Amino acid sequence: MNDEETTGSVNFIQAAVMDDIESGRFDKRVQTRFPPEPNGYLHIGHVKAIAIDHGVAAEFGGEFNLRFDDTNPEKEEQEYVDGQIADMQWLGFEPANIYYASDYFDQLYEWAVELIWQGKAYVDDLSADEMREYRGTLTAPGRNSPYRDRSVEENLDLFARMKAGEFPDGARVLRAKIDMSSGNLNLRDPAMYRIRHAEHQKTGNKWCIYPMYDWAHGQSDSIEGVTHSLCSLEYEDHRPLYDWYLDQLEIYHPRQIEFARLFITHTVLSKRVLIRLVNDGLVEGWDDPRMPTVVGMRRRGVPATAIRAFIDRVGVSKTNSTADIALLDHYIRQELNLTAPRVMGVLDPLKVVITNYPQDRVEMLEAVNNPEDENAGTRQIPFSRELYIDRDDFQETPHRKFYRLAPGAEVRLRYGYFITCTDVVKDASGEIVELHCTYDPETKGGYAPDGRRVKGTIHWLSVAHALTAEVRMYDRLFAAEDPGSYDDFREALNPDSLVIIANAKVEPSLADAEAETVVQFERKGYFCVDSKDSRPGALVFNQTIGLRDSWAKIQGKG
RNA sequence: UGGGGGAUCGUCUAAUGGCAGGACACCGGCCUUUGGAGCCGUGAAUCGGGGUUCGAGUCCCUGUCCCCCAGCCA
């Protein structure tokens, strides 16, 4: 349940939509769209936009569509189109229709011709550098291009020849004729078309001129009948241009409303940086579990419901803000605590011999699959004379608040027996290689009939039955809280964002675990069966997130 | 006097002239066969200065600070 539901409060976008419904501005219709450029994979920042677009449509009984803003063939690829569609599906934000701006190229061309006829668009021969110079600066007005006053006939002819492929890339552009002295630089005769002899993933080689974002976007919204064109804050000063095109053409006119983009601590959502992380091999790919992409989070084991809950909580406003990554972590734990089956996993195995337990005996002990979900049932786990425990669950000279195994100390093996450490076996270099313990046969299941209690409960695995697995311990990709403030983002990286444990041990019940299954290794954290590299017999787990660790806090205080 | 936008606990938000509330984080306690989960509790905010009003986070004036814009990217 989110704030909107509990408090009845509405954000400024919902308020605007309600106003429009009341006034009948769009015949009480609501239609939104998510317009990504297919030049990369979707990240959690996109999810916020999708959630808003989808949410507004759903809340008011409207329609939500996906439209690819595929106007720049040099950057876009079919792989990203497919990937983005799959991501939205996985997130549970299904669009009613999938559209492409490139489907409107013919109509856009006709409208451009119309603008030329109206004397509101012209072909400019200025080079890109010259155009920049003529544009002026933030504080100084620009100057008119010497080609600004070409005749309609000449413009028509030149534009047709641009389309026909008579000119090389960059030779000319079609520009809107607005106002070179406007305080809003977007209105200083913005480019509408540029020449690019490039193959488009959808239209092939049909076109060698491609529309600019501003020229394509509003008109695409108009064609589709979008009512509320929701976008991020940096488009606020594009709105006058969005409106201008629609007004000149006198076509159906949607309303653009802007909201603040999502920023998250220890995270980079800049497309430029994400692409570099991938291309420079700093991560394994777009689906590296450390990436803030949908495919990355999915591979890490983050549930879609957790992402959506996080986005919900962050809210919608016009204030630039940076959400704490801990909030996302919270929702991941909250969801997984309820749903992830518990299992025992030993990350750094230390052998324990129960000296008073019979050599060849094996007992099956009952373990609860999920204490948060009684329907999850129980399972049997094997117990025997030789066990593994995690190395950090033993201290030879224990900290005063260390409630685990130590020489002479008694602890409970989860769902097993009470054991007491009697001997510490070391190798020549002094490293502990084995522990000898005795168990109390009366404490089977973990309860002492005499009512005595132990302070600690630790997890364990039977040596003979444990499966070996690779466990990839993922931590945040960026150590810096605000990686975006670094000149070189590489300096903000966390050198320990991935630590591979090759020889971890897990319960035999995991032998046939399917890809993307997320389990909790008790007392450790949540782990996801890797969808790319895990095989039966060669399991690979990705750490989704650790459990909250109050022992780490105690240690930190000394 | 280029244009556009924004300022509420540490963080993200709520309030629509009427007790500044919640979540996360933090700290403390209880409980515990996960040092998990859960439960209880503490601390913590209206950018500054004026004004209107019985009453201002909200309205008015003024100042300050922050963000975005000079692609033939989106």
Side-chain angles (χ1 to χ4, degrees), chain A residues 2-4 6-7 9-11 15 35-37 39 69 71-72 74-75 124 126-128 131-133 135-142 169-175 181-188 190-196 210 212-214 216-217 231-240 258 260 265 271-272 310 313-331 333-334 337-338 342 344 367-368 371-372 401-404 412-416 445-447 453-459 520-525 546-554:
Chain A
N2 59 30
D3 279 348
E4 282 76 7
T6 52
T7 67
S9 69
V10 296
N11 64 50
E37 182 185 18
N39 68 342
D69 239 322
T71 57
N72 186 352
E74 292 179 324
K75 294 186 172 180
D124 197 343
L126 251 28
S127 70
M131 250 182 84
R132 187 181 315 120
E133 196 190 320
R135 184 156 34 234
T137 69
L138 291 178
T139 52
D169 288 4
R172 292 176 221 266
V173 293
L174 183 73
R175 300 177 73 175
S181 65
S182 173
N184 181 345
L185 302 231
N186 295 117
L187 264 19
R188 317 243 265 227
M192 296 168 63
Y193 278 95
R194 75 284 216 183
I195 302 172
R196 287 289 178 275
Y210 290 94
M212 300 291 293
Y213 163 85
D214 287 300
H217 198 84
C231 61
S232 50
L233 250 30
E234 64 267 35
Y235 291 102
E236 275 176 324
D237 41 12
H238 288 248
R239 182 163 16 99
E258 311 85 8
T265 56
K271 214 179 267 186
R272 193 194 104 254
F310 166 72
R313 172 58 68 186
V314 160
V316 181
S317 74
K318 298 194 72 152
T319 311
N320 271 321
S321 57
T322 305
D324 192 337
I325 187 73
L327 186 62
L328 209 213
D329 293 346
H330 164 76
Y331 284 108
R333 290 194 183 99
Q334 180 175 280
N337 176 49
L338 264 24
R342 311 292 127 119
M344 296 209 263
V368 173
E372 304 292 331
K401 287 187 174 172
F402 187 77
Y403 301 148
R404 310 177 190 178
R412 170 169 39 231
L413 293 177
R414 176 136 239 232
Y415 301 125
Y447 294 97
R453 310 176 70 112
V454 289
K455 272 246 170 112
T457 300
I458 64 175
H459 57 100
Q520 181 194 105
F521 288 173
E522 292 215 27
R523 305 205 306 130
K524 286 295 176 183
L547 250 26
R548 288 183 47 143
D549 187 355
S550 51
W551 166 240
K553 257 180 217 171
I554 293 168

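On a predicted model such as this, the values are computed, not experimentally measured, just so you know. Proteins come first, then strands; the chains are lettered A, B, ... in the order of their sequence lines, and each starts at number 1. Computed over heavy atoms, backbone and side chain alike; hydrogens, waters and symmetry mates excluded.
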Answer yes or no: is there a donor N or O on one side and an acceptor on the other, between the side chain of A/T322 and the main chain of A/T265, under 3.5 Å? no
Which residues satisfy the ring pair (Phe, Tyr, Trp, His ring centres under 6.0 Å) test with [X], sequence neighbours excluded?
X: A/H330; result: none
X: A/F310; result: none
X: A/H217; result: A/Y213

Comparing A/N337 with A/K524, nearest RNA chain B nucleotide closer to 5' gives the residue A/K524
At a cut-off of 3.5 Å, list every protein nitrogen or oxygen paired with a nitrogen or oxygen from nucleotides 72-74 of chain B, distance to 0.1 Å.
residue: B/C72; atom: OP1; partner: A/R135; partner atom: NH2; Å: 3.3
residue: B/C72; atom: OP2; partner: A/R135; partner atom: NH1; Å: 3.2
residue: B/C72; atom: O2'; partner: A/R196; partner atom: NH2; Å: 3.0
residue: B/C72; atom: N3; partner: A/G170; partner atom: O; Å: 3.2
residue: B/C72; atom: N4; partner: A/L126; partner atom: O; Å: 2.8
residue: B/C72; atom: N4; partner: A/A128; partner atom: N; Å: 3.2
residue: B/C72; atom: N4; partner: A/G170; partner atom: O; Å: 3.1
residue: B/C73; atom: OP1; partner: A/R196; partner atom: NH2; Å: 3.2
residue: B/C73; atom: OP2; partner: A/R194; partner atom: NE; Å: 2.8
residue: B/C73; atom: OP2; partner: A/R194; partner atom: NH2; Å: 2.9
residue: B/C73; atom: O3'; partner: A/R194; partner atom: NH2; Å: 3.0
residue: B/C73; atom: O2'; partner: A/N72; partner atom: ND2; Å: 3.0
residue: B/C73; atom: O2'; partner: A/K75; partner atom: NZ; Å: 3.4
residue: B/A74; atom: OP1; partner: A/T71; partner atom: OG1; Å: 2.7
residue: B/A74; atom: OP1; partner: A/R194; partner atom: NH1; Å: 3.2
residue: B/A74; atom: OP1; partner: A/R194; partner atom: NH2; Å: 2.8
residue: B/A74; atom: OP2; partner: A/Y213; partner atom: N; Å: 2.9
residue: B/A74; atom: N6; partner: A/H238; partner atom: NE2; Å: 3.2
residue: B/A74; atom: N3; partner: A/Y235; partner atom: OH; Å: 2.6

Between A/A260 and A/T319 the two heavy atoms that sit nearest each other are CB-O, 3.4 Å
Under 3.5 Å for both pairing distances: what stems, at least three Watson-Crick or G-U pairs long, include RNA chain B? B:2-7 with B:64-69, B:10-13 with B:21-24, B:27-30 with B:38-41, B:47-51 with B:59-63
Rounded distance (Å) that lies between atom [atom2] of [N] and atom [atom1] of [X]:
X: A/R404; N: B/U34; atom1: CZ; atom2: P; answer: 13 Å
X: A/N184; N: B/G5; atom1: CG; atom2: C1'; answer: 12 Å
X: A/L233; N: B/G4; atom1: CG; atom2: C1'; answer: 10 Å
X: A/Q520; N: B/A37; atom1: CD; atom2: P; answer: 9 Å
X: A/N11; N: B/C12; atom1: CG; atom2: C1'; answer: 14 Å

I want to verify the glycosidic state of B/G71; is it syn or anti under the 90° rule? syn
Any Lys/Arg nitrogen of A/R239 or A/E258 sitting under 4.0 Å from an Asp/Glu carboxylate oxygen of the other? yes
Between [N] and [X], is there an OP1 or OP2 to side-chain N/O distance shorter than 4.0 Å?
X: A/S182; N: B/G3; value: no
X: A/T457; N: B/U34; value: no
X: A/T319; N: B/G6; value: no

Name the closest nucleotide to the [X] side chain, picking from [options].
X: A/L138; options: B/G36, B/G35, B/C69; result: B/C69
X: A/V10; options: B/U16, B/A70, B/G35; result: B/U16
X: A/S550; options: B/C68, B/C12, B/G36; result: B/G36
X: A/L547; options: B/G36, B/G3, B/C67; result: B/G36

Nucleotide-resolved protein contact map, nucleotides 23-31 of chain B, B/S/- at heavy-atom distance under 4.0 Å: SSS-SS---
Regarding A/P371, tell me which of base, sugar-phosphate or nothing describes its non-hydrogen contacts under 4.0 Å with the strands shown. base
